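This report refers to the structure that appears directly beneath it.
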Amino acid sequence: SGLLTRLQTSAPIIRTLSSSNSFSQNIPSCLWKLGRLNHVAIAVPDLEKAQSLYKDVLGAQVSETVALPEHGVYTVFVELGNTKLELLHPLGEKSPIASFLQKNKTGGMHHICIEVDDIKAAMTELKKKKIRILSEEPKIGAHGKPVIFLHPKDCHGVLVELEQA
């Protein structure tokens, strides 16, 4: 009965926290909105081995390998129902993934991609807020849509990709 008493005494506190509107009141109105998580990108030193892990061991639906020379990567998408994983492997000498893998030999999380409803408005507003964007203009990403990358030092150590929804 001690557990039930503790649950009953803590219930009002939980109710108070969940009914609080303090979060939404502090969000300024924007000309653009963040959407859903599109994918989490993982740099891999061995693309075939990584594809096999997700397909053969974990049973996921895995795409064919696609070369994106403009970005210096090979990409493979792993479907997860609510989002995707993007497996990245270096393509060409100037690949940003090659330098990432030199520092992280076994691979690792490279970036997250979040959809936005207006990438141009997002760029304008983020520049005003002193968030560095790693290109002057959006590039066409793996899904054939405009993308930009935000500097990890301005995003708490995470490379953030924004993709036009």
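Values in this document were obtained by computation on a predicted structure and should not be read as measured data. Position 1 is the first residue of the sequence; numbering continues from there. No hydrogens, no waters, no symmetry mates; every other heavy atom, side chains included, goes into these values.
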**Message:** Measuring from atom CG of Leu58 to atom CG of Leu53, what distance do you get when rounded to the nearest 0.5 angstrom?
**Reply:** 4.5 Å
**Request:** Before giving the answer on salt bridge (Lys or Arg N to Asp or Glu O under 4.0 Å), spell out for Asp117 and Lys33 the whole-Å C-alpha distance, their side-chain angles and the decisive distance to 0.1 Å.
**Result:** CA-CA 6 Å; Asp117 63 351; Lys33 282 192 178 74; 5.3 Å; no
**Request:** Over 60° means perpendicular and under 30° means parallel, so classify the ring planes of Phe77 and His143, tilted if in between.
**Result:** tilted
**Fill in**
For Ser95 and Val73 the tightest heavy-atom approach is OG-CG1, 4.3 Å
**Prompt:** Who passes side chain to side chain donor-acceptor pair (under 3.5 Å) against Asp56, sequence neighbours left out?
**Reply:** Ser52
**Prompt:** Does atom NZ of Lys153 have more than 12 heavy-atom neighbours from other groups under 6.0 Å away?
**Reply:** no
**Message:** I need the minimum non-hydrogen distance between Val158 and Ile112, along with the two atoms involved.
**Reply:** CG1-CG1, 4.0 Å
**Asked** Quick one: side chain to side chain donor-acceptor pair (under 3.5 Å) partners of His110, sequence neighbours excluded?
**Response** none
**Item:** Which atom of Ile140 lies closest to which atom of Pro146, heavy atoms considered
**Value:** CD1-N, 4.0 Å
**Request:** Identify whether Leu87 and Leu37 are in the same connected component of the hydrophobic contact network (ILVMFWY, side-chain heavy atoms under 4.5 Å).
**Result:** yes
**Prompt:** So which heavy atom on Val44 is nearest to which on Leu101, and how close?
**Reply:** O-CD1, 3.6 Å
**Item:** Salt bridge present between Arg36 and Glu163 (N-O < 4.0 angstrom)
**Value:** no
